[in-house]
Amino acid sequence: RKMLSSGICTSTVQLPGKVALVTGANTGIGKETAKELAQRGARVYLACRDVQKGELVAREIQTVTGNEQVLVRKLDLSDTKSIRAFAEGFLTEEKHLHILINNAGVMMCPYSKTADGFEMHIGVNHLGHFLLTHLLLEKLKESAPSRIVNVSSLAHHLGRIHFHNLQGEKFYNASLAYCHSKLANILFTKELARRLKGSGVTAYSVHPGTVQSELVRHSSFMRCMWWLFSFCIKTPQQGAQTSLYCALTEGLEILNGKHFSDCHVAWVSAQARNETIARRLWDVSCDLLGLPMD
Ligand SMILES: NC(=O)C1=CN([C@@H]2O[C@H](COP(=O)(O)OP(=O)(O)OC[C@H]3O[C@@H](n4cnc5c(N)ncnc54)[C@H](OP(=O)(O)O)[C@@H]3O)[C@@H](O)[C@H]2O)C=CC1
Ligand SMILES: CC1=C(/C=C/C(C)=C/C=C/C(C)=C/C=O)C(C)(C)CCC1
């Protein structure tokens, strides 16, 4: 475990008066990320598709950290109506947003579609967070300096953006669909960072490591692997360290748009470095979501 679990966020930054939002915060890496942000005094929004699960976790975080400012709001990233309703509520009730952690994710789902007809991996992992970020961007700019952390994966190395088959209708493989969506997370981060230059908002993508969590729920093989190797893979708390590092470390602004693993800048695949693909994916995503292509 020691070998596979390096990378600890050593920042001592405290967050009184700051507002943070973590998607998929009711379990796994998101829960531990939210807990640490609450521990440091931020008001933390847990954006969860299952509000009941979220409330249980919010109570637990409040008890452990002594921070009452842990709030649960409904967000289903597989439905753009839910994303818009969430954003509308958040923008009405909250003056600031300093830290946005786009953490929620699904892996290896059987072929299925979101409420808007997007393939589930690209729909939830990429397009859902793309829309959410767009809707919250003005608030992030008004709250600058502020940060966006997109939780991607080492698995992006196996990903490709097939623009002619973005929704997996021509061919589909559940593992590769996950990899493609994680590549999209990195391309989104790069293009977002480029567009945000000078705004005081910076964006980072991360690979959290191989982490014990519910991510493997759709694959009995992966569940078995995770169980067999549970002694050596990261705990969710260890998995949260790189997200926390990117959200908290002072002076990280010069690394805007970079990808991190084990709290260090990490190498990404050739496709993930391709600016033309990043720009095209941005435009296609805007088109699919009915957003203006500025
Ligand atoms: N675990 C690992 O080894 C690795 C994880 N990652 C990435 O880390 C991130 C966190 O994953 P991890 O904690 O491991 O996985 P978990 O499955 O434990 O947590 C995923 C979270 O995402 C939420 N979620 C799933 N679908 C939706 C949706 N439609 N709307 C809103 N929330 C949703 C889940 O909610 P619910 O509980 O209701 O299902 C859950 O809270 C993911 O982006 C994943 O790709 C990357 C590399 C490795
Ligand atoms: C081979 C091998 C492993 C498998 C690693 C795998 C399969 C990692 C998959 C990571 C994923 C899917 C990340 C999600 O984004 C373990 C368990 C570390 C134990 C040591 C040997």
Side-chain angles (χ1 to χ4, degrees), residues 7 9-23 29-30 33-34 36-37 40-45 47 87 90-91 94-104 125-126 128-153 156 182-208 240-268 272-275 278-279 281-282 285-286 291 294:
C9 173
T10 55
S11 165
T12 55
V13 164
Q14 295 298 308
L15 302 169
K18 300 288 183 192
V19 180
L21 196 168
V22 184
T23 68
I29 298 165
T33 307
E36 184 58 32
L37 296 172
R40 291 169 188 251
R43 175 154 62 247
V44 184
Y45 284 83
F90 181 84
L91 296 176
E94 195 50 76
K95 279 204 187 72
H96 298 290
L97 178 58
H98 303 98
I99 299 172
L100 169 62
I101 314 259
N102 288 323
N103 164 84
N125 299 357
H126 169 60
H129 283 125
F130 186 96
L131 177 60
L132 178 69
T133 306
H134 267 71
L135 298 174
L136 300 178
L137 209 49
E138 275 315 305
K139 190 71 88 186
L140 284 154
K141 285 181 185 169
E142 288 162 18
S143 315
S146 53
R147 293 188 183 179
I148 301 165
V149 178
N150 293 325
V151 183
S152 174
S153 170
H156 84 272
K182 291 289 127 179
L183 170 62
N185 291 154
I186 299 183
L187 291 164
F188 170 46
T189 308
K190 294 228 170 287
E191 181 60 12
L192 183 62
R194 191 184 70 75
R195 288 169 180 253
L196 285 174
K197 264 183 205 143
S199 70
V201 188
T202 51
Y204 311 88
S205 60
V206 312
H207 166 59
Q241 296 305 307
T242 306
S243 296
L244 291 165
Y245 176 87
C246 290
L248 300 173
T249 303
E250 284 165 314
L252 209 70
E253 288 76 10
I254 48 165
L255 296 174
N256 185 24
K258 294 278 185 227
H259 182 68
F260 290 78
S261 175
D262 288 335
C263 301
H264 287 102
V265 173
W267 190 245
V268 297
R273 279 178 274 127
N274 187 316
E275 268 189 34
R279 283 177 203 224
L281 180 64
W282 182 281
S285 304
C286 285
L291 296 170
D294 43 2

For [X] and [Y], which heavy atoms make the closest approach, and how far apart are they?
| X | Y | result |
| --- | --- | --- |
| K190 | G257 | NZ-O, 2.9 Å |
| V201 | L196 | O-CB, 3.5 Å |
| A240 | T33 | CB-OG1, 3.4 Å |
| C263 | G7 | SG-C, 3.7 Å |
| R40 | T12 | NH1-C, 3.7 Å |
| A247 | V149 | N-CG2, 4.0 Å |

Name all residues meeting the side chain to side chain donor-acceptor pair (under 3.5 Å) criterion together with R43; count only those two or more places apart in sequence or in a different chain, and write none if there are none.
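Scan of R43 (side chain to side chain donor-acceptor pair (under 3.5 Å), adjacent residues dropped) gives Q69, E94.
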**OP:** Name all residues meeting the side chain to side chain donor-acceptor pair (under 3.5 Å) criterion together with E142; count only those two or more places apart in sequence or in a different chain, and write none if there are none.
**Re:**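 For E142, no residue satisfies side chain to side chain donor-acceptor pair (under 3.5 Å) once neighbours in sequence are set aside.
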Gap separating the [atom1] atom of [X] from the [atom2] atom of [Y], nearest 0.5 angstrom:
| X | Y | atom1 | atom2 | answer |
| --- | --- | --- | --- | --- |
| L137 | L132 | CG | CG | 10.5 Å |
| S152 | L183 | OG | CG | 7.5 Å |
| L140 | L21 | CG | CG | 9.0 Å |

Flag side-chain contact, heavy atom, 4.5 Å: I99 against S146: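 When only atoms from C-beta onward are counted, S146 and I99 do not touch, as no gap falls below 4.5 Å.
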* Would you call I148 and L192 a side-chain contact if the rule is heavy atoms closer than 4.5 Å? ->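 In contact.
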Strictly by salt bridge (Lys or Arg N to Asp or Glu O under 4.0 Å), give each pair with a member in residues 240-254 just once, sequence neighbours left out.
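Applying salt bridge (Lys or Arg N to Asp or Glu O under 4.0 Å) to every pair that reaches into residues 240-254, excluding sequence neighbours, yields R147-E253.
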Keeping the roles fixed (side chain from [X], backbone from [Y]), state whether a donor-acceptor pair exists under 3.5 Å.
| X | Y | result |
| --- | --- | --- |
| K139 | L97 | no |
| S153 | K182 | no |
| Q241 | C9 | yes |

(request) Go through the steps to decide whether T10 and T249 satisfy the test side chain to side chain contact (heavy atoms under 4.5 Å, CB included), and finish with yes or no. (result) CA-CA 8 Å; T10 55; T249 303; over 6 Å; no
Restricting to ring-ring contact (aromatic ring centres under 6.0 Å, His included), what partner residues turn up for [X], sequence neighbours left out?
| X | answer |
| --- | --- |
| H96 | H98 |
| H259 | H156 |
| H134 | F130, W282 |

Using side chain to side chain contact (heavy atoms under 4.5 Å, CB included), reason through L37 and L248 one step at a time and then give a plain yes or no.
CA-CA 9 Å; L37 296 172; L248 300 173; 4.2 Å; yes
Please identify each residue that fulfils side-chain contact (heavy atoms from CB on, under 4.5 Å) with [X], with sequence neighbours left out.
| X | value |
| --- | --- |
| T189 | N150, A203, S205 |
| S261 | H207, A266 |
| N103 | V22, T23, I29, I101, V151 |

For this session: Scan residues 193-203 for pairs that pass side chain to side chain donor-acceptor pair (under 3.5 Å), counting only residues two or more places apart or in two chains.
Result: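 Residue pairs passing side chain to side chain donor-acceptor pair (under 3.5 Å), neighbours aside: E191-R194, E191-R195, T202-Y204.
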_Among residues at least two apart in sequence or on other chains, which ones pass salt bridge (charged side-chain N to carboxylate O under 4.0 Å, His left out) with R273?_
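Expected list: none.
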Mind checking salt bridge (charged side-chain N to carboxylate O under 4.0 Å, His left out) for K141 and listing every partner two or more places apart, or none if nothing turns up?
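With sequence neighbours excluded, K141 shows a salt bridge (charged side-chain N to carboxylate O under 4.0 Å, His left out) to E138, given in chain and number order.
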Q. Pick from N125, N185, T133: which one makes a side chain to side chain donor-acceptor pair (under 3.5 Å) with N102?
A.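 Exactly one pass, corresponding to T133.
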Next on the checklist: F90 vs V19, test: side chain to side chain contact (heavy atoms under 4.5 Å, CB included). Steps then yes/no.
Outcome noted: CA-CA 11 Å; F90 181 84; V19 180; 4.2 Å; yes
